[in-house]
**Student:** 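Handing you this structure, nothing more for now.
Both counts, for ligands and for their atoms, begin at 1 and track the order of listing. Note that the numbering runs from 1 along the sequence shown for the chain.
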Amino acid sequence: MQSETADTRGRHLRDLRISVTDRCNFRCTYCMPKEVYGRDFQFLERSQLLSFDEINRLVNIFKDHGVEKIRITGGEPLVRRQLERLIEMLAQDPSLDLTLTTNASLLKQKAQLLKDAGLKRVTVSLDSLDDTVFRAMNDVDFPVAKVLAGIEEADRVGLNPVKVNMVVKRGVNDSAAVEMARYFKGTGHIVRFIEFMDVGHTNGWQMEHVVPSRELVEQINQSFPIEPVEPNYTGEVAERWRYVDGSGEIGFISSVTQAFCRDCTRARLSAEGSVYTCLFATRGTDLRMLLRTGGTDEQISDVIGNLWRARTDNYSEVRTAETAKQRKVEMSYIGG
Ligand code: SAM
Ligand code: SF4
Ligand code: SF4
């Protein structure tokens, strides 16, 4: 039975982002800088990670609170072994919108398995088409060509439309935005430009690094005229635009310059089973303990319901240079 769980601002719980690992084979400089995530970094032990059965159980409880969309993320979700088994479990409910965000390094090998398991679509992160810039940004010398091959394979097996996320950082890859739009224009894939955010506290975020989406809209519009499109649904994160010539759509995720907290329906589950009601949260609520000490579904459901009903989060509406320095949960831990 589905109940409607609304928070203190009347926002319903609709989306759950599940991080299945805190590990990643990339070291994107804005997410897992090598100086922090080096050889000595203590990642979670396997026993600390929620098992697929535990995740599946939690998802069923979250569904009772209104969750209808699941995004699997990480770290890099495809480095978690046999991820397709989890997909298969979650896909038992065909009404669930089941998607995954990946750096695509393993997508070429995995796309068909994921599709067969019941995954609906993928979002691929790609910050530049310039091989030198991209290799420097992922900081493990990973080539653009392999990401593009992953995108093609995802499209071929039907995990589409593929969304391509580009985080734009001033002075690093901002000059590559128009080229990114040009490359995917007419392919059916949807590029989304993301403002660099002050997630966590290890990425050295400063306001000067942010390229406001307005600026990119103008740049792209000069090369390829675009016009705004109505959102698909309330709470859609990306502002949608389409090419006037009918050759497709692009999106802008402007968490910094145009906060969308008012419609934020997202909860996040970390790989070790803590729930966060905001991407910029400083602490989560542990569910693993209850799961592993005989907690009943009702008890777990009560914790989730009470947490969501008490939710007041609106970080992006009140962000300042000071809040940006606070110790917040890291992106690679919570999954974006
Ligand atoms: N490893 C997968 C990937 O990169 O797609 C999934 C996890 S990653 C944390 C999810 C998304 O968060 C990626 O698209 C990444 O570019 C984005 N991201 C990471 N740090 C960010 C930041 N500081 N600001 C904006 N987006 C960020
Ligand atoms: Fe890994 Fe994704 Fe973070 Fe890059 S953005 S370091 S691929 S988790
Ligand atoms: Fe949602 Fe928090 Fe982002 Fe606002 S800042 S949109 S509440 S995740």
**Student:** Which heavy-atom pair separates Leu83 from Pro77 by the least distance, and what is that distance?
**Tutor:** CD2-O, 3.8 Å
**Student:** What residue and atom, counting heavy atoms only, is the protein's closest point to atom 6 (S) of ligand 2, and at what distance?
**Tutor:** Cys28 N, 3.4 Å
**Student:** Examine ligand 1 and decide if any of its atoms is less than 4.0 Å from a heavy atom belonging to Ser332.
**Tutor:** no
**Student:** What protein heavy atom sits nearest atom 17 (C) of ligand 1, and how far off is it?
**Tutor:** Met331 CE, 3.8 Å
**Student:** Short list, please: which atoms of ligand 1 are under 4.0 Å from a heavy atom of Asn103?
**Tutor:** 2 (C), 3 (C), 5 (O)
**Student:** Under a 4.0 Å heavy-atom limit, does Asp127 contact ligand 1 with its side chain, its backbone, both, or neither?
**Tutor:** neither
**Student:** Polar contacts were defined as any N/O atom of the residue lying under 3.5 Å from an N/O atom of the ligand; does this apply to Val199 and ligand 1?
**Tutor:** no
**Student:** Can you tell which part of Arg268 has a heavy atom less than 4.0 Å from ligand 3: side chain, backbone, both or neither?
**Tutor:** side chain
**Student:** For ligand 1, which atoms, with element, lie under 4.0 Å from some heavy atom of Thr73?
**Tutor:** 6 (C), 7 (C)
**Student:** Is the distance from atom 4 (Fe) of ligand 3 to the nearest N/O/S atom of Cys278 under 2.8 Å?
**Tutor:** no
**Student:** Please list, in number order, the atoms of ligand 3 under 4.0 Å from a heavy atom of Arg266.
**Tutor:** 6 (S)
**Student:** Check whether any heavy atom of Met197 sits under 4.0 Å from an atom of ligand 3.
**Tutor:** no
**Student:** Report the nearest protein non-hydrogen atom to atom 3 (Fe) of ligand 2: residue, atom name, distance rounded to 0.1 Å.
**Tutor:** Cys31 SG, 2.4 Å
**Student:** Go through ligand 1 atom by atom and flag the ones less than 4.0 Å from a non-hydrogen atom of Gly75.
**Tutor:** 1 (N), 2 (C), 6 (C), 7 (C)
**Student:** I'd like to know whether ligand 2 has Ser125 as a neighbour, heavy-atom separation below 4.0 Å.
**Tutor:** no
**Student:** Run the numbers for me: atoms of ligand 1, each under 4.0 Å from some heavy atom of Thr101, listed by number.
**Tutor:** 2 (C), 5 (O), 6 (C)
**Student:** Quick one: nearest non-hydrogen protein atom to atom 1 (Fe) of ligand 2, plus distance?
**Tutor:** Cys24 SG, 2.3 Å
**Student:** Please check this pair: side chain of Arg11 against backbone of Cys261, looking for a donor-acceptor N/O pair closer than 3.5 Å.
**Tutor:** yes
**Student:** Decide yes or no on side chain to side chain donor-acceptor pair (under 3.5 Å) for Tyr333 and Glu272, but give the supporting numbers first.
**Tutor:** CA-CA 9 Å; Tyr333 175 82; Glu272 57 176 340; 2.6 Å; yes
**Student:** Please could you name the atoms of ligand 3 that Cys264 approaches to less than 4.0 Å, counting only its heavy atoms?
**Tutor:** 1 (Fe), 6 (S), 7 (S), 8 (S)
**Student:** So is Glu195 in contact with ligand 1, going by heavy-atom distances below 4.0 Å?
**Tutor:** yes
**Student:** Just to check, does Cys28 reach to within less than 4.0 Å of ligand 1 when the distance is taken from its heavy atoms?
**Tutor:** no
**Student:** Short list, please: which atoms of ligand 1 are under 4.0 Å from a heavy atom of Glu76?
**Tutor:** 1 (N), 2 (C)
**Student:** Could you tell me, atom by atom, which parts of ligand 3 come under 4.0 Å of a heavy atom of Phe280?
**Tutor:** 5 (S)
**Student:** Just which atoms of ligand 3 are under 4.0 Å from any heavy atom in Phe260?
**Tutor:** 6 (S)
**Student:** Ligand 1 versus Val167, non-hydrogen atoms closer than 4.0 Å: side chain, backbone, both, neither?
**Tutor:** side chain
**Student:** Just which atoms of ligand 2 are under 4.0 Å from any heavy atom in Gly75?
**Tutor:** 8 (S)
**Student:** What verdict does the side chain to side chain donor-acceptor pair (under 3.5 Å) test give for Asn103 and Ser125, after you've listed the backbone C-alpha separation in whole Å, the side-chain angles of each residue and the deciding distance to 0.1 Å?
**Tutor:** CA-CA 5 Å; Asn103 63 23; Ser125 305; over 6 Å; no
**Student:** Show me which atoms of ligand 3 lie under 4.0 Å from any heavy atom of Ser316.
**Tutor:** 5 (S)
**Student:** Below 4.0 angstrom, N of the basic side chain to O of the carboxylate: do Lys63 and Asp93 qualify?
**Tutor:** yes
**Student:** Of all the atoms in ligand 3, which lie at a distance below 4.0 Å from a heavy atom belonging to Tyr315?
**Tutor:** 5 (S)
**Student:** Within the 4.0 Å heavy-atom shell around Asp313, which atoms of ligand 3 are there?
**Tutor:** 7 (S)
